[in-house]
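Naming convention: chains lettered A, B, ... in sequence-line order (proteins, then strands); numbering from 1 in each chain.
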Amino acid sequence: MLEDLLVKGLLVALEKFGIFEEDVDILLEKPRDRSHGDLSTNLAMVLGKRLGRKPRELAGEIAAGVDFPKAIVESVEIAGPGFINFRLAHSFQVKLLLNLLDPDGALKDIRTGGNKRINVEFISANPTGPLNVVSARAGAFGMTLVRLLDAIGYDSHAEYYVNDAGRQVKMLGLSLRAHYLQLSGETVEFPEDGYHGRYLEIMAQELMEQDTSAIAKAATAFDDESFQRVQAPPGNAEDWRKLPEDESVRNFAKFALMKILSWQRETCRRFGLRFETWYFESELHESKRIERALDRLEKMGALYQEDGATWFRATDFGDEKDRVVVRAEGIPTYFLADIAYHYHKFQRGFERAIDFWGPDHHGYIQRMAGAMEALGVPKDWLEIQILQQVTFLEGGRPIKMSKRAGQFVTMDSLIDEVGADVAKYLFLTRKPNSHLDFDLDLAKAQSNENPVFKVKYAHARICKLIHRAAEEGIEIGDVTDESLGRLPDEVEWNLVGELIRLPQVIVSAANAREPHRLTGYVFDVASLFNQFYQRKDRKILKGDRDITVARLHLCLMTRHVLRVVLDLIGVDAPEVLEVKV
RNA sequence: GCGCCCGUAGCUCAGGUGGAUAGAGCAGCGGAUUUCUAAUCCGCAGGUCGCAGGUUCAAGUCCUGCCGGGCGUACCA
C-alpha cells in the first residue's frame, strides 16, 4: 500500500522529535484541490501544540527529513497552515492504473471479506398488490449493496421476505372473493378494510374466464425452489365459490397471492433484481419456528403475561416500552414472526444480516435489536438501514400515494416511463437517509438534464473512438506503462488520478453502505473524460502516433472503470447511444 | 410530549474517520461546432452552510439549546 509507505517514511522523519508510531495516528487524505498534490497530511498541525512548535516550521523540518524514491513520490511540499503535500510520480500513477486491469491486482486486493456470508434483505413488500414505486429505491440500493459486498470479498445473499400469513392475506382473499361475487351478480358488501385497487377487479374478471387447467398452468410458472410453496388451489373459481366461506376465502387468497407474487417477481426481474431466496412467513408457522422462538425467549426469561397477552421485556434492552408478542386471543403478532424469521436467518449461518427498512419502521429497530439480544445473537449481527421516503413529483406537484384508495404509482409504470437505468441511477445519487424528490418529468426527459446520459455518453464515445481508430488502421495493442507514461497533458493526468481511486471508492461505498458514492464517482470520471476529449486543436487520432496510442490506452482504462462502476449500480453501458434530435 | 431523519446557490443535492478559497447538475447569461456522436466542453453570475452558543491550531462536519419541515410513537403489518 502506498499510504503505508508514506507513513513509514514520515515516522522515520519524526524520530528526531521523539515521536514514535504509538504516539501518533498519521492521516493521509486526498486534498479537494488537485493543486495541493495527490496526498496530504495534517501531521505538523496535530503535533504543533504538543511539541510547542509552529506547525509550518515543523512541517518544513519533517518534509526535509523524509526520503522517498523518485519513482514514487515526485515532490513533497509545505502549504497553507502546515500541510505536507505529496505529489506522486507519473510512473507510479501509471503503475496503479495498470494494476486495475490485473486480475490479481487492486480489485482483488480489496476482496478482504474472506467469503463470509452476508444476508441483505430488501423490499419485502406485502403481497397484496403490485410493487409500488417506493420499492424501487430499496431495490436499487439493496441490489447495489449486494454487488458491492461481493466486490470486497463477501458472499452476499439477496433475500425477500414474503408476509403471506395472517390477517392481510385473509383480507386479500375476502377482497378478491367480493369482487368475484359482485361480478357474478350477487350483492355482497365489500370488506371494510379490503383492498380497493383496480387490479383485484381485473383479477376477478380474469378468474371468471379461466378454467381449472388455465389456473393450474399459471401456477407452473414458478419453477424455482423458493416458490415451490406458491401454488394455485385445486379447481376453478366456481368451485371455490361453492365452498364454505372460510375455505372459499382461503382459496381466493391463495390464488391472489400466486398472481401478485408472480407480478412482483417479474417487476423485480425487469428492474434487474435477483433474489437468492424468497422467504415465506407461512413457512415459519408450519415449521413451528414461531413457537420455538417464543420458547427460547421464555427460557431466557424475556417474557411475561399481562392482560391475557404475552409480552417481551423490550425495556430491558433499551426500548421505551414492552411489546406484545402473543395477543390476548392467542394469535402471535407480526413482531413475533419477525423475531422468528431473523433468528432463523441467524441460524442459517450468516455472519451478518443487513435489512433495508422504510422510515415508518424506524420505531421498530430498538425492539428488534432487543429481541435479537435476548435470544443471544451477537450485538452487531443485525444491521438496519433506513431508507428515507421518496416523493414523486409530476408537473411540479407531489403525487399522493395511498394503497387503500388504490391510487399509487407502480414500479412497472416507473420502468415503462422512465426506464430502469435512469430510475436506478437517480435513486443512487442520494444518500440513503435523506428524503428524495424524484421529478418524473425530469427523469422522463431524455435530455442533458439527466446525469445518467452523460456517463453513458462518455462510454459510447470511447467505444466509437476505439472503433474509429481500428478503421484508420491504428494498432492499439495492449495497454502498457510505457505508452501511458507518454501522456503529455494535465487533463490527462487529472483523469488518471481519478481512475486510480476506483478501489478505495468501492471499499468506502461498501463499508459505509453508501452506494451513492458510486454515482458521484462515475459522474466525475465521465466529466474528466469529456474534458480530456473535448480539447479543441488536439484530436486524439491525429498527430504523433505514440501519443495517439497513449491516449487511446487512457480511453481503454476509462472505459474499464466506467464499466466496473456501472455494473455495480446495475446500469447498462451501451456501445452506441442514439443521438437525441 | 418523546424518538429518528432533514435544513448548504433560484431548484434538486454532494461535501469518506473535523482541514487549505464550501462543490456539482439543472435553471439564467456569454462563448466553442469543416465533430474522433454537442446528451459535450469553456467562461460569468449566484452562499451570513436554519439561528445562537460551545469544544479545537482548524467546524458545513463534533457537543448543547432554540427555529422550521418530514416520519414514527398499536394486543396493524
inquiry  = Are B/rG19 and A/Phe83 stacked, with the base six-membered ring and the side-chain ring centres under 5.5 Å apart and planes under 30°?
reply    = no
request  = Consider the side chain of A/Arg323, meaning its heavy atoms from C-beta on, and name the nucleotide among B/rG19, B/rA74, B/rA14 that approaches it most closely.
outcome  = B/rA74
Proximal nucleotide (of B/rA14, B/rG19, B/rG70) relative to the A/Val46 side chain = B/rG19
ask   = Does the distance from a Lys or Arg side-chain N to an Asp or Glu carboxylate O, for A/Arg430 and A/Asp437, drop under 4.0 Å?
value = no
query = Is the phosphate of B/rA58, meaning OP1 or OP2, less than 4.0 Å from a side-chain N or O of A/Lys49?
reply = no
query = Taking the P atom of each, how far is B/rG1 from B/rU61, in whole Å?
reply = 26 Å
Listed nucleotide nearest any side-chain atom of A/Lys321, set B/rG19, B/rC75, B/rC76 = B/rC75
remark   = Closest to the side chain of A/His36, out of B/rC71, B/rC75, B/rA20, is B/rA20
Give me the distances for all protein-to-nucleotides 40-43 of chain B N/O pairs that come in under 3.5 Å?
from   : atom 1 : to       : atom 2 : distance (Å)
B/rU40 : O3'    : A/Asn530 : ND2    : 3.3
B/rU40 : O2'    : A/Arg461 : NH1    : 3.2
B/rU40 : O2'    : A/Gln534 : NE2    : 3.4
B/rU40 : O2     : A/Gln534 : NE2    : 3.1
B/rC41 : OP1    : A/Lys454 : NZ     : 2.9

query = What distance, rounded to whole Å, do you find between the two C1' atoms, one in B/rG53 and one in B/rC6?
reply = 22 Å
task = Provide the distance between the two P atoms, one in B/rA20 and one in B/rG15, to the nearest whole Å.
result = 15 Å
ask   = Looking at B/rG72, does its base get a donor-acceptor pair with the side chain of A/Asp360 below 3.5 Å?
value = no
note = Checking B/rA77, B/rG15, B/rA20 against the side chain of A/Glu514 (C-beta onward), the nearest is B/rG15
ask   = To the side chain of A/Glu320, which of B/rA77, B/rU73, B/rC36 is closest?
value = B/rU73
ask   = Checking only heavy atoms, does the side chain of A/Asn85 share a donor-acceptor pair with the base of B/rA20 at less than 3.5 Å?
value = yes
task = Ignoring the backbone of A/Glu29, work out which of B/rC75, B/rG19, B/rU37 is nearest its side chain.
result = B/rG19
message = If the cut-off is 4.0 Å, is A/Arg327 near the phosphate of B/rA77, judged by side-chain N/O to OP1 or OP2?
response = yes
A/Ile540 side-chain proximity, nearest of B/rC36, B/rA20, B/rC71 = B/rC36
query = Hey, does the side chain of A/His362 come within less than 4.0 Å of B/rU73's phosphate (OP1/OP2), counting only N and O?
reply = no
key: B/rA77 base / A/Thr333 side chain donor-acceptor hit below 3.5 Å   = no
inquiry  = Side chain of A/Lys539, heavy atoms from C-beta onward: which of B/rC36, B/rU37, B/rG15 has the nearest atom to it?
reply    = B/rC36
message = Taking only the P atom of each, what is the distance from B/rG30 to B/rA45 in whole angstrom?
response = 15 Å
Heavy-atom donor-acceptor pair, A/His361 side-chain to B/rA77 base, under 3.5 Å = yes
